[in-house]
Amino acid sequence: MRKKAILITGAAGEIGHALIEALSKNGKTPLLTLDLEPLPEDVRGLTTHWEADILDQKLLDRLVSEYEFDAIYHLAALLSTRGEFSPGITHQVNVNGTMGLLRLAAEQSEWRQKPVQFIFPSSIAVYGLPDLETKTQYARVREWEWNYPRTMYGANKLYCELLGIYFSEYYRQLAAEQPVMVDFRAVRFPGLISAFTIPSGGTSDYGPEMLHAAAKGEPYACFVRPDVRIPFMAMPDAIKALLNLAAAPAEAICQRVYNVTSFSLSAEEFKGWVLKFFPDAEITHAPDLKRQAIVDSWAADMDDSAARRDWGWQPDYDAQRAFEEYLVPNITKRYQ
Ligand code: SER
């Protein structure tokens, strides 16, 4: 007998940490987590963890033979800044890694005659606005607008959304009998901010880096101009979005890829919130023109009305509540 489980890849990353806590609290199905790295100590007891590479075909074969997955949260990815330094390996991890897991999900869906749910965090990085004038004009982009990513990571996320749709709607479309398909669902996240982890390798990282530096009493030079604007979201809302999307009844889901967002801030406004709580913080701007150009190509805000309409998406944290009730108290405790 194969053991039932929920699989989380990239589990040692920022989202993984919070998702393990939430899923182990909520559900009865045991968790199996994968990452190249060990898990942070505080979540180790909550899951069976394999330190393994999702590109290892033998590993995927072993997973299929030992487990039956109700759901796969596929979080493993190399982010937008890191991806530009090694586009080849980034493509392998982000695309081939996703393809391997989608095939695994397809095989299991057929075998057990019930869809495996495949939950995929996509990103604001799938958007690519050509210039600041257009960014101002299309202030709240809808899912199908400006899908012209400029980074390897953004291109990979956009393509993997399409792969997910393919495996859910068209896989083996010429076969005599249609197989049971994967149930792929994706959210496009804005820049995420966690009180407990610092992101690495992303291009929205200036927000969380500014805040964590202030809490540590360290000076911070922000790598984008003060007027650069993108949306952000506090980590508890990101987890809420993943869990609510997973819980939505299939008939409510009218599309497989949804924008979700909470609040949009310029770097200047972000700094204002940080200074409100850490008035002595030393924050300057030293734009890195190349990383800044990536953020400039991302939307200033995202239209998440489809998610609100179809599965009742609503963030719990606006900027005020995110800083006041989640970020500042937890970060302060962390560095005490
Ligand atoms: N936070 C990500 C990055 O900066 C965007 O999804 O790459």
Side-chain angles (χ1 to χ4, degrees), residues 9-10 12-19 73-87 89-91 93-95 97-98 119-129 135 141 143 146-161 164 186-212 222-224 228-239 241-242 245 257-267 270 287-288 290-302 304 315 322 327:
T9 71
E14 282 214 288
I15 302 177
H17 185 263
L19 185 65
Y73 290 79
H74 175 40
L75 313 178
L78 294 183
L79 297 187
S80 59
T81 290
R82 183 166 304 160
E84 294 313 296
F85 291 105
S86 40
I89 183 70
T90 299
H91 186 276
V93 172
N94 294 356
V95 175
T98 304
I119 304 294
F120 185 66
S122 187
S123 163
I124 189 170
V126 303
Y127 296 107
L129 292 118
K135 179 162 170 160
V141 287
E143 281 85 352
W146 299 106
N147 289 174
Y148 306 114
R150 288 196 184 188
T151 58
M152 178 52 85
Y153 169 75
N156 294 164
K157 284 288 184 190
L158 186 59
Y159 175 58
C160 287
E161 291 176 359
V187 278
R188 287 183 183 162
F189 281 131
L192 299 181
I193 326 167
S194 166
F196 302 102
T197 50
I198 307 179
S200 68
T203 321
S204 59
D205 294 3
Y206 60 90
E209 281 173 3
M210 195 188 285
L211 179 60
H212 282 261
C222 176
F223 60 79
V224 299
V228 169
R229 177 180 292 278
I230 55 164
F232 289 95
M233 182 183 282
M235 191 56 83
D237 272 333
I239 302 305
L242 292 173
L245 176 62
V257 178
Y258 289 95
N259 282 347
V260 287
T261 192
S262 303
F263 49 87
S264 166
L265 295 177
S266 67
F270 202 109
D288 170 333
K290 292 181 175 155
R291 286 182 95 187
Q292 178 176 272
I294 291 176
V295 190
D296 275 339
S297 78
W298 292 351
D301 204 353
M302 294 195 281
D304 59 2
L327 294 168

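Order of listing sets the numbers, starting from 1, for every ligand and every atom in it. Counting from 1, the numbers follow the sequence of the chain as shown.
Protein heavy atom nearest atom 4 (O) of ligand 1, with residue, atom name and distance: T203 N, 2.5 Å. Of all protein heavy atoms, the one lying nearest to atom 5 (C) of ligand 1 is S123 OG, 3.3 Å.
Counting the atoms of ligand 1 from 1 in the order shown, those under 4.0 Å from a heavy atom of L79 are 7 (O). Residue contact check: S80 has heavy atoms under 4.0 Å from atoms 3 (C), 4 (O), 7 (O) of ligand 1.
Counting only heavy atoms from C-beta outward, the side chains of P121 and L75 approach each other to under 4.5 Å.
By the 30° and 60° cut-offs, the orientation of the rings of F196 relative to H17 is tilted.
With F223 as the aromatic partner, K290 does not meet the cation-pi criteria of under 6.0 angstrom to the ring centre and within 45 degrees of the ring axis.
Contact between L129 and W298 at its shortest, heavy atoms only, is CD1-C, 3.8 Å.
Residue-level proximity to ligand 1 for W298 is carried by the side chain, the only part with a heavy atom below 4.0 angstrom. Counting heavy atoms closer than 4.0 Å to ligand 1, residue Y153 contributes side-chain atoms (C-beta onward) but none from N, CA, C or O.
Inclusion of S204 in the set of residues having an N or O under 3.5 Å from an N or O of ligand 1 is warranted.
Under a 3.5 Å cut-off, the side chain of S122 and the backbone N or O of V187 do not form any donor-acceptor pair.
Counting only residues at least two apart or in different chains, salt bridge (Lys or Arg N to Asp or Glu O under 4.0 Å) contacts with residues 188-204 comprise E161-R188.
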